[in-house]
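Just below is one structure, and these are the notes that go with it.
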Amino acid sequence: MSKKLVHGLFDDDDILMSGVKAVRQKGIDIDEVYTPFPVHGLDKAMGLKPTRIASAAFIFGIIGFFFAIWLTWFMMIEDWPQNIGGKPSFTWLENMPSFIPIMFEMTIFFTAHLMVTTYFFKNKLYPGSAGINPDPRTTDDKFLMEFFVDGDTSNLEAILKDSGAIEVTVKDIVEEEKRNLWFKLPPKSASVVVILLGLGLSSCSSDEPMREPVSVYMPDMYHSVAYEPYSEDPNGINSMEARTPVDGTIKRGYVPYDIPNTNEGYQEALMNLKSPIASNDENAKYGEELYNIYCISCHGINGDGQGKLVQNEKFLGVPSYAASRLPNISEGSIFHVITYGKNMMGSHASQLTWDERWKISQHVLKLRSQLK
Amino acid sequence: MHYESEIREPLVLGNKSYSDVTRDVAAPVEGKANKMWWFAFTLATIAFLWGIGAMAITIGEGIGSWGLNKTVGWAWDITNFVWWVGIGHAGTLISAVLLLFRQKWRMSINRSAEAMTIFAVVQAALFPLLHMGRPWLAYWVFPFPNNFGSLWVNFNSPLLWDVFAISTYFSVSTVFWYVGLIPDFAMIRDRAVKPFQKHIYKIMSFGWSGKAKHWQRFEEVSLVLAGLATPLVLSVHTIVSMDFATSVIPGWHTTIFPPYFVAGAIFSGFAMVQTLLIIMRKVVNLESYITIQHIEMMNIVIMLTGSIVGVAYITELFMAWYSGVEYEQYAFLNRATGPYWWAYLSMMTFNVVSPQLMWFKKLRTSIMFTFVLSIIVNVGMWFERFVIIVTSLHRDYLPSSWSMFSPTYVDIGIFVGTIGFFFVLFLLYARTFPVIAQAELKTILKSSGESQKKLHKHE
């Protein structure tokens with residue numbers, strides 16, 4: 001027996017609604033209704049299940065939220081922790097207030113985009129999709145009910161006419177209609193896409209790894225025409241662009257430190273330099289707080305040389321304060337090292353004031369005695 | 001079907017049927033452009049080309065071609081950035097917030113307002129991009145793996161929050177807009193007679209067919225997107241304001257900034273919608289859809305947000321005095337009476353005084369007045385950003401480094417260029433896109449259309 005395609009065309013949404021109800025009352029299932037705009041209540045009248053896309057969106061939002069947490073945690077805390085502006089933010093929770101905007105934006109980003117992608121996917125909407133409405137008038141002002149019927153259609157035709165359809169058409173379906181074909185790119189454009197993709201990919205391969213950028217755009221932006229601040233300048237004093245301040249100039253709040261940055265200087269500090277500040281709980285506590293901001297990422301919280309950067313192998317050669325290669329460090333030598341740095345360890349003099357450095361030294365000694 | 005009270009003014013004038021709506025919305029796309037359009041388009045293109053020239057100079061020569069100096073290191077670029085982003089806000093507000101509040105009057109204007117949003121954000125994004133100096137390295141702002149020799153991006157920085165906020169805002173607004181456009185593209189596709197046109201709109205409409213299930217999902221998706229876009233739009237200008245508020249410059253370092261910036265953004269955005277729609281309704285004959293009532297509603301929003309902005313200005317002054325901080329006090333004194341007093345005065349008159357005229361019904365229902373005022377408001381809002389940025393910077397803690405800012409022709413060129421670019425995009429949009437969300441509008445035709453209302457009265 002041949003299958004038949006029945007179309008009932010309506011020209012008003014209210015009439016369509018009563019038509020849908022009439023048809024459903026007779027126990028006939030409607031295969032599809034095409035409308036130019038969302039007709040409220042139509043889905044219920046047709047017996048469609050409510051859509052679950054909003055629940056999906058909720059799940060996407062949660063994914064986005066946790067992704068943002070992971071992203072900020074991994075980049076700021078785990079992979080390469082940094083001391084930014086001397087703030088205590090070496091755990092995610094401490095740093096979290098800064099991440100709220102990111103978590104919020106990522107939640108929205110994931111929800112919106114994944115939901116719309118799902119929407120396109122479920123509706124099979126994509127550029128070039130072939131599944132369009134059978135009658136072009138249904139995007140203008142007409143409404144169309146569609147049925148696939150086995151056998152006799154006269155009953156259905158009568159119901160449709162009675163409920164106000166302006167046109168009822170019946171067609172034999174010779175072949176199963178293939179409207180919702182998945183990928184129907186014409187062969188020509190498909191091959192163009194393949195060739196372009198191939199060309200694009202081939203440009204990625206190369207026998208030799210590229211070391212230098214192929215070309216430098218606007219070299220002026222890299223190499224200034226003017227003298228760079230700290231560059232050579234034949235007209236300047238000492239042939240330097242930077243000028244030195246008057247001898248003996250010191251900046252406000254700065255305490256000069258006379259011991260030079262040499263091996264002898266180190267020995268001198270080690271043996272003779274004594275802390276000018278009181279050794280008490282308050283100072284040690286303050287030193288600990290600073291230590292946990294400025295030193296922790298290399299030296300670790302208990303000074304064993306196992307900071308995050310060392311564990312992640314970003315930075316090597318950090319000794320434990322109790323290591324045998326540091327047999328007898330003193331408050332003075334620690335102050336000296338924080339001030340000048342040593343080998344791979346940089347100077348912290350610009351970040352920490354004179355008395356802050358002394359307070360940290362106190363804490364380092366404490367850690368050293370605890371490690372022993 | 002529910003019917004609306006007769007007391008409410010109809011939102012669609014004239015005895016429009018469903019197919020009249022179709023025809024009216026498709027007309028600008030199907031017809032030929034008139035002289036007015038070509039004139040505006042040529043003008044916009046010239047401005048745009050000037051802008052491209054100025055941008056080329058900026059990239060080729062460097063930021064030195066701008067009027068910045070050591071003291072005022074941020075000036076027109078950030079002013080324009082904030083100005084454009086702010087303008088964008090109205091579009092999202094109209095389509096998202098008014099959808100959540102079930103305000104039907106949004107339907108004739110949301111499509112164009114959203115288009116405005118997207119085009120404005122494009123302009124805004126150009127400024128940070130250009131200020132980078134090497135825009136081809138712009139991708140460094142995204143969190144890429146640490147292979148480039150530098151570290152990860154810094155998530156503590158408000159500038160990075162801005163990257164996330166603006167890119168989320170731009171992409172989500174675009175998607176929101178496009179989801180709504182699909183059924184309307186399908187309408188144009190089904191009417192198109194020329195094969196080329198038909199083909200293009202077939203691609204653009206993604207094969208939309210208007211099935212019941214699709215509409216059901218469509219409505220759900222629209223609702224959820226509106227629910228997302230509403231906090232999003234508030235967050236974007238909040239984060240933009242944090243670019244300033246998290247710094248320690250007197251005049252910037254205030255907690256009032258987020259709400260104050262958001263109100264200002266809505267204020268200027270609605271003004272821009274007015275400017276655009278008053279022209280558009282005339283040029284493409286949509287007077288029955290974008291009615292005096294729509295204009296009046298938007299004027300009320302402008303009046304409200306303008307008043308909020310006014311309160312914010314006064315609060316700022318009060319807080320400067322009340323804080324007892326000398327520097328803060330000087331910053332505001334200098335704003336009002338310093339060398340940039342004229343910018344401050346324009347900001348105050350244009351943004352605080354002028355919208356108060358909207359209390360008069362006669363004025364807020366006058367098209368000419370609205371048009372002039374909408375432009376005044378946008379000039380005022382530009383000055384607001386200029387005042388906040390330049391006057392806070394130009395006199396810092398060290399009087400020896402005090403200086404003034406004057407833009408070079410490159411600064412001006414880029415700004416004018418973005419205005420040109422914006423109008424090029426908008427004019428092209430007005431000729432090729434369905435400028436009214438016709439499918440949505442058809443759902444309220446029965447409850448809010450003039451003919452139906454009349455019909456119902458006599459029942």
Side-chain angles (χ1 to χ4, degrees), chain A residues 13-14 32-40 42-43 46 48 50-51 53-54 57 71-72 75-76 79-80 82 84-85 87 89 95 98-99 101-102 104-106 108-109 111-113 115-116 119-120 122-133 136-141 217-218 220-221, chain B residues 1 17-19 22 59-62 133-134 136 143 146 151-156 160-161 164-165 168 171-172 175-176 179 182-183 186-187 189-191 202-204 206-221 223-225 228 231-232 235 239 242 439-440 442-443 446:
Chain A
D13 41 336
D14 293 335
E32 195 55 77
V33 178
Y34 298 90
T35 61
F37 56 83
V39 178
H40 292 274
L42 178 66
D43 47 349
M46 280 171 70
L48 292 180
T51 168
I53 205 151
L71 194 79
T72 47
M75 292 181 186
M76 300 302 292
D79 190 50
W80 197 310
Q82 290 173 77
I84 291 163
K87 295 199 180 72
S89 34
N95 211 343
S98 287
F99 302 152
I102 304 289
F104 176 80
E105 299 300 334
M106 292 299 257
I108 303 263
F109 189 91
T111 319
H113 290 298
M115 175 181 69
V116 170
Y119 165 76
F120 285 154
K122 293 287 283 183
N123 286 356
K124 300 202 172 66
L125 295 174
Y126 55 91
S129 164
I132 62 170
N133 35 325
R137 288 172 295 176
T138 62
T139 51
D140 178 5
D141 62 344
Y217 313 92
M218 315 289 182
D220 278 4
M221 300 290 297
Chain B
M1 191 91 249
S17 66
Y18 290 142
S19 72
T22 311
I59 297 171
E61 236 170 64
R134 291 177 281 170
W136 50 92
N146 181 15
L151 299 168
W152 293 105
V153 290
N154 178 6
F155 283 104
N156 293 293
L160 186 72
W161 304 343
F164 276 76
T168 303
S171 65
V172 171
V175 162
F176 192 12
V179 165
I182 285 177
M187 175 278 281
R189 169 200 70 200
D190 286 345
R191 286 173 57 91
K202 199 167 167 182
I203 293 175
M204 305 243 273
F206 281 25
W208 176 263
S209 54
K211 291 180 182 160
K213 188 76 193 172
H214 292 187
W215 278 122
Q216 187 197 37
R217 292 189 184 124
F218 174 91
E219 290 210 284
E220 190 93 346
V221 164
L223 189 66
V224 176
L225 280 178
L228 291 173
L232 178 64
S235 83
I239 291 176
M242 286 174 182
E440 256 189 294
K442 283 173 186 168
T443 62
K446 278 200 175 157

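Note that these values count all heavy atoms, side chains included, but never hydrogens, waters or copies made by symmetry. Lettering of chains follows the sequences in order, A, B, ..., and the numbering in each one begins at 1.
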Criterion side chain to side chain contact (heavy atoms under 4.5 Å, CB included) on T51(A) and E219(B), from CA distance to verdict: CA-CA 10 Å; T51(A) 168; E219(B) 290 210 284; over 6 Å; no
Intermediate values then yes/no, side chain to side chain contact (heavy atoms under 4.5 Å, CB included), F120(A) and I182(B): CA-CA 11 Å; F120(A) 285 154; I182(B) 285 177; 3.5 Å; yes
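Contacts between A57(A) and chain B at a heavy-atom distance below 4.5 Å involve the side chain alone, from C-beta outward. Heavy atoms closer than 4.5 Å to chain B are found nowhere in K87(A), neither backbone nor side chain. When heavy atoms are compared at a cutoff of 4.5 Å, V172(B) approaches chain A by way of both its backbone and its side chain. L223(B) does not touch chain A: none of its heavy atoms, backbone or side chain, sits under 4.5 Å away. In this structure, chain B has a heavy atom under 4.5 Å from the side chain of M76(A), while its backbone stays farther away. In this structure, the portions of D140(A) lying under 4.5 Å from any heavy atom of chain B include both its backbone and its side chain.
Expressed to the nearest 0.5 Å, how far CG of N95(A) lies from CG of N156(B) amounts to 4.5 Å. How far CD1 of I102(A) is from OG1 of T168(B): 8.5 Å, rounded to the nearest 0.5 Å. Of the inter-residue distances, the one linking R189(B) atom CZ with T139(A) atom OG1 reads 6.5 Å to the nearest 0.5 angstrom. Note that the NZ atom of K124(A) and the NZ atom of K211(B) stand 8.0 Å from one another [nearest 0.5 Å]. Rounded to the nearest 0.5 Å, atoms CZ (R137(A)) and CG (D190(B)) are 11.5 Å apart. Considering CZ of F155(B) and CZ of F99(A), their distance stands at 7.5 Å, rounded to 0.5 Å.
Closest approach of L232(B) to E105(A), counting heavy atoms only: CD1-OE1, 3.1 Å. Contact record, W152(B) with Q82(A): O-NE2, 4.4 Å, taken as the closest heavy-atom pair. Taking both residues in full, the closest heavy atoms of V224(B) and A54(A) are given as CG2-CB, 4.0 Å, listed atom of the first, atom of the second, then distance. Closest approach of Y34(A) and S209(B) over heavy atoms only: CD2-O, 3.2 Å. I53(A) and E220(B) make their closest contact through CG2-CG, 3.4 Å (heavy atoms, listed as atom of the first residue, atom of the second, distance). Considering all non-hydrogen atoms of both residues, S98(A) and W161(B) come closest at O-NE1, 3.1 Å.
The aromatic rings of Y18(B) and F37(A) lie tilted to each other, with the angle between the two planes from 30° to 60°.
Counting heavy atoms from C-beta on, the side chains of S171(B) and F109(A) come closer than 4.5 Å. Counting heavy atoms from C-beta on, the side chains of D141(A) and K442(B) never come closer than 4.5 Å. No side-chain heavy atom of D13(A) sits under 4.5 Å from any side-chain heavy atom of T443(B).
Residues satisfying the ring pair (Phe, Tyr, Trp, His ring centres under 6.0 Å) criterion with W215(B), sequence neighbours excluded, are W208(B), F218(B).
Remark: side-chain polar atoms of K213(B) are not paired, donor with acceptor, to backbone N or O of N123(A) under 3.5 angstrom.
The choice from G210(B), A186(B), P231(B), P143(B) that makes the most heavy-atom pairs within less than 4.5 Å of chain A is G210(B).
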